[in-house]
Amino acid sequence: MSLSKKLIVGNWKMHGSRAANAELLKGLLGADLKGSAPRASVAVCVPFPYLGEVVAALQDSVMAVGSQDVSAHAHGAYTGEVSGAMVREFGAVYAIVGHSERRSYHAESDQLVADKAKAALAQGLVPIVCVGETLAERDAGQTDAVVARQLKAVIDTLGVDLARVVVAYEPVWAIGTGKTASPEQAQAVHAFLRAQLVAAQVSAASVPLLYGGSVKPDNAAELFAQPDIDGGLIGGASLKAADFAAIARAA
Ligand code: PEP
């Protein structure tokens, strides 16, 4: 079963500048997403330095803001880290944790990702926990085992608070590659993840399950129509106001 309201989240990654962001935000505000508000919540996850400006620009809109990572620590001698409280203080609502780019380029373990989710929740943010398999893992028939292992760390670490997270299934082979999982492939993994959550005593209706990986205006509607897909985590297409708005409308 899917949730009645979809969630569409943009991940700007390490793109943007103050001038480029202003242009993109102007386009998003001009796209007037208020019409889709009853059916879809919309957010953008932006680089840390831009949080304050983006929150201010979107304050009268239906769009929320998030970060793309957060520290597993609350405060202390962790040079270069940014805590959930700092992100929250700038008005952000969400924090992506465990994006595959962080898991692979920064060697983030399943347990570190779970600890980041816990820290985000403790500091008033909603973590968007990313899971997903590589192409080699999919070809070896390990998709379910990989996403179950990644999710288990979060289940074991959060306990009852698991009901307060968002999970994004992002097959690594589909991120930024133009290769989208077919609606059937995505639905199969989402149904599997939903079953893991239900087995962990989380009500099927409480955790939004987003799909991410080359979502575009022309494939969004079919993906979002799947019974266990509650929205999308959108990378490249979130940098084009017209495309992101079209994806939000497809929800
Ligand atoms: C992402 O970065 O989370 C992502 C899904 O990227 P893209 O939409 O570009 O594949």
Side-chain angles (χ1 to χ4, degrees), residues 6-16 20-21 24 27-28 40-48 50 54 63-70 92-106 108 113 116-117 120 125-135 137-138 143 146-147 150-151 154 165-183 185-187 189-190 193 208-224 226 229-251:
K6 303 282 188 202
L7 173 61
I8 309 298
V9 181
N11 172 18
W12 289 7
K13 310 198 189 206
M14 200 174 72
H15 293 293
N21 299 347
L24 177 54
L28 289 176
S41 301
V42 179
V44 289
C45 291
V46 308
F48 291 126
Y50 302 133
V54 175
M63 286 174 271
V65 178
S67 64
Q68 299 169 13
D69 186 29
V70 76
V93 173
Y94 295 100
I96 296 173
V97 297
H99 191 281
S100 66
E101 287 151 17
R102 295 212 60 86
R103 289 182 190 264
S104 72
Y105 306 147
H106 301 273
E108 292 197 1
V113 172
K116 288 184 170 195
L125 297 167
V126 177
I128 301 173
V129 182
C130 300
V131 300
E133 82 288 2
T134 63
L135 190 54
E137 289 164 340
R138 171 163 284 265
T143 298
V146 170
V147 297
Q150 292 170 332
L151 188 62
V154 181
V165 310
V166 173
V167 172
Y169 168 55
E170 297 211 308
V172 179
W173 48 272
I175 297 177
T177 58
K179 285 187 202 149
T180 320
S182 68
Q185 283 173 321
Q187 165 56 28
V189 180
H190 279 236
L193 289 169
L209 293 179
L210 312 186
Y211 168 77
S214 298
V215 178
K216 302 277 181 292
D218 58 1
N219 60 22
E222 210 187 345
L223 285 160
F224 298 159
Q226 300 304 307
I229 298 185
D230 302 314
L233 182 53
I234 320 298
S238 73
L239 297 171
K240 294 182 196 141
D243 285 5
F244 190 57
I247 290 169
R249 280 196 208 96

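Residues: numbered from 1 along the sequence shown. Remember, it's 1-based here, ligands and their atoms both numbered in the order they're listed.
- Protein heavy atom at the shortest distance from atom 4 (C) of ligand 1 is Gly235 N, 3.6 Å.
- Salt bridge present: Arg138 and Glu133 bring a charged side-chain N and a carboxylate O closer than 4.0 Å.
- Side chain of Thr134 to backbone of Glu137: a donor-acceptor contact under 3.5 angstrom is found.
- Under a 4.0 Å criterion applied to the non-hydrogen atoms of Gly176, ligand 1 contributes the atoms 7 (P), 9 (O), 10 (O).
- Between the CD1 atom of Ile8 and the CZ atom of Phe224 there is a distance of 3.5 Å, given to the nearest 0.5 Å.
- Of all protein heavy atoms, the one lying nearest to atom 1 (C) of ligand 1 is His99 NE2, 3.3 Å.
- Scanning all heavy atoms of the two residues, the minimum distance from Leu193 to Tyr169 falls at CD1-CB, 3.9 Å.
- For Lys116 and Asp69, the salt-bridge test passes: some basic side-chain N is under 4.0 Å from an acidic carboxylate O.
- Residue-ligand proximity: Ser214 is placed with a non-hydrogen atom under 4.0 Å from ligand 1.
- Within ligand 1, the atoms closer than 4.0 Å to a non-hydrogen atom of Glu170 are 1 (C), 3 (O), 4 (C), 5 (C), numbered from 1 in the order shown.
- Counting atoms of ligand 1 from 1 in the listed order, those under 4.0 Å from a heavy atom of Lys13 are 1 (C), 2 (O), 6 (O).
- Residues Lys13 and Ile175 meet the side-chain proximity criterion, which asks for heavy atoms closer than 4.5 Å.
- Against a heavy-atom cut-off of under 4.0 Å, Gly213 is close to the following atoms of ligand 1: 5 (C), 10 (O).
- In this structure, Ala174 has a heavy atom closer than 4.0 Å to ligand 1.
- Residue Gly212 has no N or O atom closer than 3.5 Å to an N or O atom of ligand 1.
- The closest donor-acceptor contact from the side chain of Gln226 to the backbone of Leu223 lies at 3.5 Å or more, if one exists at all.
- Within a 6.0 Å radius of NZ in Lys216, more than 12 heavy atoms belonging to other residues, nucleotides or ligands are found.
- Heavy-atom proximity to Gly236, at under 4.0 Å, picks out these atoms of ligand 1: 7 (P), 8 (O), 9 (O).
- Listed by number with element, the atoms of ligand 1 under 4.0 Å from a non-hydrogen atom of Asn11 are 1 (C), 2 (O), 3 (O).
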